Amino acid sequence: MEIHKLGVVGCGLMGSGIAEAAARAGIDVWVVDLDESSIRRGRERVVSSIARAEASGKLTGPEGEEARSRINFSTDMFTLSDCQLVIEAVVESESEKIAVFEQLDKIVRAPDAVLASNTSSIPIMKLAMATNRPSQVIGIHFFNPVPILPLVELVTSLVTSEETASRARSFAAKQLGKDVIRSQDRAGFIVNALLIPYLLSAIRMLESGFATAEDIDVGMVKGCAHPMGPLALTDLIGLDTTMAVADSLYEEFKEQLYAPPPLLARMVDAGLLGRKSGRGFYDYRA
Ligand SMILES: NC(=O)c1ccc[n+]([C@@H]2O[C@H](COP(=O)([O-])OP(=O)(O)OC[C@H]3O[C@@H](n4cnc5c(N)ncnc54)[C@H](O)[C@@H]3O)[C@@H](O)[C@H]2O)c1
């Protein structure tokens, strides 16, 4: 059964990208965030991303305007009550996410609706157990920027039903055209369990005075053909999100390689969150 009405909770970097990708695939989307200023930023993100897609010829004729008009924004969670699938994309905080799943469980009416999380690292079982329908809870983990990066990680908990997994796979693969990989429900899943130790190593290298940020990044771009260096990538992901994902990995595995270095913690304390705040390892304010 195709998804015609999608709900998205949170319209930050990821929620707005998920909403745009779905709207571009012809799906009506209802997006909820906490306040009007977050909604305004989310709407601006969608509008400028669609404008870039139009300028590069990826969207032609009325496609951009049609996609924009399919996305509805609200601060009222009850607008999600008749969605067939709701994807939670709020901040990477276990308590915030559990509160959202408790609310969704009360609000979303369809008995077969799928409740998904875009979490990068929090075990899906913890979110599933906040609901009375744990077999319908699944991780659908997108990558930033969502309209461009082709991957989705599907994360099933011990109690996710095959029906839920197959509906989520069909939504991601058939409706959005994504490449889907499946991961067990372990903190960080496949990609972040590998990526985060690499990003943390680059931050430790910078912190120890081993090399400059520019040289670390140029090393990986020119020497390993990565599209961007680890510090520029951390700025793109958001230092707060990177720190929260590292915390979840460390909490789950208690291995030193996942422990966030003090420089990362101090930068998050200072509000130096990367591109989204204008400054991280690099300055984006010019
Ligand atoms: N940034 C990335 O590259 C990336 C990639 C994949 C997955 N993720 C995951 O996606 C999720 C969101 O990350 P992001 O980078 O978009 O964060 P973000 O900080 O850009 O956005 C989070 C949004 O959630 C909103 N929010 C917080 N609590 C809420 C609530 N109770 N109800 C409604 N809205 C609420 C905030 O106002 C904000 O607009 C996290 O779980 C993160 O781990 C992030």
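Start at 1 and go down the list; that is how both ligands and their atoms are numbered. Just the heavy atoms: all of them, side chains too, but no hydrogens, waters or symmetry mates, feed the values below. Given the structure is predicted, the values throughout are model-derived calculations rather than measurements.
Ligand 1 does not have M77 within reach: every non-hydrogen atom of the residue lies 4.0 Å or more from it. By the 4.0 Å heavy-atom criterion, G238 is excluded from the residues contacting ligand 1. At least one heavy atom of F142 sits under 4.0 Å from some atom of ligand 1.
Every residue meeting the side-chain hydrogen bond (donor to acceptor under 3.5 Å, both in side chains) condition with D35, not counting sequence neighbours, appears here in chain and number order: S37, S38.
For the 3.5 Å distance criterion, the side chains of S161 and S135 fail to qualify, holding no donor opposite an acceptor. Side-chain contact of T119 with E92: a donor-acceptor pair under 3.5 Å is present, judged by distance alone. E153 and S183 share no side-chain donor-acceptor pair at under 3.5 Å.
By the neighbour-count criterion of 12 heavy atoms within 6.0 Å, atom CD of E251 is sparsely surrounded, having that number or fewer from other residues, nucleotides or ligands. Annotation for M125: atom CE counts as buried by contact number, over 12 foreign heavy atoms lying within 6.0 Å.
Close approach of ligand 1 to K97 is summarised as follows: ligand atoms under 4.0 Å from at least one heavy atom of the residue are 40 (C), 41 (O). Interface atoms of ligand 1 facing G10, defined by a heavy-atom separation under 4.0 Å, are 24 (O), 34 (N). Remark: ligand 1 atoms within the under-4.0 Å shell around heavy atoms of T119 are 41 (O). Set against the non-hydrogen atoms of E96, the atoms of ligand 1 under 4.0 Å away are 28 (N), 31 (N). Interface of V9 with ligand 1, defined as ligand atoms under 4.0 Å from a residue heavy atom, comprises 32 (N), 33 (C). If you number the atoms of ligand 1 from 1 as listed, the ones under 4.0 Å from a heavy atom of N144 come out as 3 (O).
Relative orientation of the Y258 and F253 rings is tilted, given thresholds of 30° and 60° on the angle between their planes. Classification of the Y284-Y282 ring pair by plane angle, with boundaries at 30° and 60°, yields perpendicular.
The proximity of S120 to ligand 1, defined as any non-hydrogen pair under 4.0 Å, involves the side chain as well as the backbone. Only the side chain of V100 comes within 4.0 Å of ligand 1, counting heavy atoms alone; its backbone N, CA, C and O stay farther away. Contacts between N118 and ligand 1 below 4.0 angstrom, taking non-hydrogen atoms only, involve backbone and side chain alike.
Side chains of T234 and I237 form no contact here, defined as non-hydrogen atoms less than 4.5 Å apart. At least one side-chain heavy atom of I216 sits less than 4.5 Å from a side-chain heavy atom of P230.
Between atom 41 (O) of ligand 1 and the options H141, E88, E92, the minimum heavy-atom separation is to E92. Considering each of V90, V32, I87, D33, the one bringing a non-hydrogen atom nearest atom 12 (C) of ligand 1 is V90.
For atom 21 (O) of ligand 1, the closest non-hydrogen atom on the protein side is G12 CA, 3.2 Å. The protein heavy atom nearest to atom 44 (C) of ligand 1 is M14 CG, 3.3 Å. Closest to atom 30 (C) of ligand 1 among all protein heavy atoms lies L34 CD2, 3.4 Å.
For a threshold of 3.5 Å applied to N or O pairs, the pair formed by L13 and ligand 1 contains at least one separation below that value. Checked against a 3.5 angstrom limit, the closest N/O atoms of I237 and ligand 1 fall inside it. Residue K276 has at least one nitrogen or oxygen atom sitting less than 3.5 Å from a nitrogen or oxygen atom of ligand 1, judged on distance alone.
Residues V221 and V218 are members of separate hydrophobic clusters, defined by side-chain heavy-atom contacts under 4.5 angstrom among Ile, Leu, Val, Met, Phe, Trp and Tyr.
In the hydrophobic clustering, where aliphatic and aromatic side chains (Ile, Leu, Val, Met, Phe, Trp, Tyr) are joined below 4.5 Å either directly or transitively, V90 groups with V9, W30, V32, M77, F78, L80, V86, I98, V100, F101, L104, I107, V108, L115, I122, I124, L127, V137, V155, F189.
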